[in-house]
Undergrad: 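Pasting in a structure now, in structure tokens, and then I'll have a few things to ask.
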Amino acid sequence: MMHSCLICIGSNYNRKENLLLARRRLTALFPSIRFTGEQETRPLFFRNPALFSNQVARFYTDADAERVVKELKTIEKEAGREKEDKKREKVCLDIDLLVFDNRVLKPEDLKRDYILKGLEELK
């Protein structure tokens with residue numbers, strides 16, 4: 001059974017390189033993936049003023065949600081993400097599974113402007 005996945009990708013550190021890495025790895029794992037254009041946003045909850053680059057993407061997979069999340073976390077680690085980065089407000093790469101099939105996993109994220117714009121772009 002194929003599952004529909006909606007993800008968001010963000011970075012405030014080596015943004016271009018890390019989003020490129022994410023796109024390449026995600027495309028290799030999920031060939032059906034479609035990405036929106038990159039959007040630059042201000043940080044929401046950080047004192048660090050570094051801007052974020054964000055993208056939204058949709059893909060289909062036969063993997064379950066747990067497996068998808070595991071793959072996303074592996075890509076984050078490849079970009080150099082470490083647990084202590086959160087304290088330093090450094091986001092090498094953050095990839096979140098927002099929706100799996102019709103199950104909303106991150107309802108607050110779906111209210112963000114860049115994600116709403118991304119959803120329109122993916123229609």
Side-chain angles (χ1 to χ4, degrees):
M1 177 177 169
M2 294 301 281
H3 303 284
S4 173
C5 298
L6 180 71
I7 62 171
C8 66
I9 309 160
S11 176
N12 74 348
Y13 180 79
N14 289 335
R15 299 181 301 164
K16 295 291 181 193
E17 296 88 354
N18 286 327
L19 261 59
L20 180 60
L21 168 73
R23 286 192 301 269
R24 286 181 177 159
R25 291 287 290 121
L26 289 163
T27 300
L29 287 168
F30 309 111
S32 68
I33 197 163
R34 288 183 41 229
F35 296 95
T36 64
E38 286 183 40
Q39 296 181 53
E40 193 171 74
T41 61
R42 298 199 178 282
L44 292 174
F45 305 108
F46 289 179
R47 292 180 308 277
N48 178 348
L51 294 175
F52 276 79
S53 288
N54 299 287
Q55 280 189 290
V56 177
R58 174 168 291 151
F59 60 88
Y60 298 90
T61 181
D62 58 358
D64 62 20
E66 183 178 312
R67 178 73 181 160
V68 170
V69 170
K70 183 178 178 185
E71 295 290 357
L72 301 180
K73 297 307 167 199
T74 298
I75 297 168
E76 290 177 352
K77 287 180 184 173
E78 285 180 35
R81 184 171 181 169
E82 298 177 19
K83 289 182 182 184
E84 59 270 8
D85 288 347
K86 192 169 190 172
K87 293 176 190 167
R88 297 185 299 210
E89 297 185 343
K90 173 184 166 185
V91 180
C92 289
L93 189 61
D94 183 41
I95 310 174
D96 290 320
L97 180 58
L98 303 177
V99 179
F100 186 81
D101 286 334
N102 292 321
R103 193 171 78 230
V104 175
L105 305 174
K106 302 227 173 199
E108 288 304 310
D109 287 2
L110 288 178
K111 297 175 186 175
R112 297 197 173 130
D113 286 341
Y114 76 90
I115 292 176
L116 293 172
K117 286 179 188 175
L119 287 170
E120 283 298 312
E121 199 175 321
L122 289 171
K123 284 186 177 179

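Sequential numbering from 1 along the given sequence is applied to the chain's residues. No hydrogens, no waters, no symmetry mates; every other heavy atom, side chains included, goes into these values.
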Undergrad: With side chains defined as the heavy atoms from C-beta onward, is the minimum distance between L72 and D96 less than 4.5 Å?
TA: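 L72 vs D96: side chains apart.
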
Undergrad: Does the distance from a Lys or Arg side-chain N to an Asp or Glu carboxylate O, for K117 and E120, drop under 4.0 Å?
TA: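 Salt bridge absent between K117 and E120.
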
Undergrad: Do L119 and L6 make a side-chain contact, defined as non-hydrogen atoms from C-beta onward lying under 4.5 Å apart?
TA: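 L119 vs L6: side chains touch.
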
Undergrad: I want to check something: taking the side chain as every heavy atom from C-beta on, are L110 and K106 in contact at a cut-off of under 4.5 Å?
TA: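 No, too far: nothing below the 4.5 Å cut-off.
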
Undergrad: In the structure I gave you, are the side-chain heavy atoms of E40 and E38 within less than 4.5 Å of one another anywhere?
TA: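 No, every pair of side-chain atoms sits at 4.5 Å or beyond.
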
Undergrad: Nearest 0.5 Å, what's the OG-CD1 distance between S11 and I95?
TA: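 Those atoms lie 10.0 Å apart.
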
Undergrad: A side-chain contact here means heavy atoms from C-beta on lying under 4.5 Å apart; do L29 and F59 qualify?
TA: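 L29 vs F59: side chains apart.
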
Undergrad: Can a donor-acceptor pair be found, under 3.5 Å and without considering hydrogens, that links the side chain of N18 to the backbone of C92?
TA: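 A pair under 3.5 Å: yes.
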
Undergrad: So which pairs with a foot in residues 57-70 pass side chain to side chain donor-acceptor pair (under 3.5 Å), sequence neighbours left out?
TA: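 Qualifying pairs, neighbours excluded: R67-E71.
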
Undergrad: Please find the pair of heavy atoms, one from A57 and one from F35, that lie closest to each other, and give the distance.
TA: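 Looking at all heavy atoms of both residues, the closest pair is CB-CD2, 3.6 Å.
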
Undergrad: Would you say NZ of K73 has more than 12 non-hydrogen atoms from neighbouring residues, nucleotides or ligands within 6.0 angstrom?
TA: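 Counting neighbours around NZ of K73, more than 12 heavy atoms of other residues, nucleotides or ligands fall under 6.0 Å, so yes.
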
Undergrad: Is it the case that one hydrophobic cluster holds both L98 and V104, taking links as side-chain heavy atoms less than 4.5 Å apart, direct or via other members?
TA: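 Yes, same cluster.
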
Undergrad: I need the minimum non-hydrogen distance between R103 and A65, along with the two atoms involved.
TA: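 Shortest heavy-atom contact: NH2-CB, 3.8 Å.
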
Undergrad: Please name the pair of heavy atoms, one in L21 and one in I75, separated by the smallest distance, quoted to 0.1 Å.
TA: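 Scanning both residues completely, I find the closest heavy atoms to be CD2-O, 4.4 Å.
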
Undergrad: Does a side-chain heavy-atom distance below 4.5 Å link R15 with L51?
TA: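 Yes, close enough: below the 4.5 Å cut-off.
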
Undergrad: Keeping the roles fixed (side chain from T36, backbone from V56), state whether a donor-acceptor pair exists under 3.5 Å.
TA: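 Confirmed, T36 side chain pairs with V56 backbone.
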
Undergrad: In this structure, would V69 and F100 fall into the same cluster of hydrophobic residues linked by side-chain contacts under 4.5 Å?
TA: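 They do share one cluster, since a chain of ILVMFWY contacts under 4.5 Å joins V69 to F100.
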
Undergrad: Is it the case that the side chain of D109 and the backbone of I115 share a donor-acceptor pair, with hydrogens and angles ignored and the cut-off at 3.5 Å?
TA: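 It does not hold such a pair.
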
Undergrad: Decide yes or no for E76 and D94: does some side-chain heavy atom of the first lie under 4.5 Å from some side-chain heavy atom of the second?
TA: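 Counting from C-beta outward, E76 and D94 do come under 4.5 Å.
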
Undergrad: Can you get from Y114 to I33 by hopping between Ile, Leu, Val, Met, Phe, Trp and Tyr side chains that sit under 4.5 Å apart?
TA: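 Different clusters: Y114 never reaches I33 through Ile, Leu, Val, Met, Phe, Trp or Tyr contacts under 4.5 Å.
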
Undergrad: Rounded to the nearest 0.5 Å, how far does CD of Q39 lie from CG of D113?
TA: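 Answer rounded to 0.5 Å: 9.0 Å.
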
Undergrad: Answer whether the closest heavy-atom distance between the side chains of C8 and N54 falls below 4.5 Å.
TA: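 No - every pair of side-chain heavy atoms lies 4.5 Å or more apart.
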
Undergrad: Distance from L20 atom CG to N14 atom CG, nearest 0.5 Å?
TA: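 Spacing of CG (L20) from CG (N14) equals 12.0 Å.
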
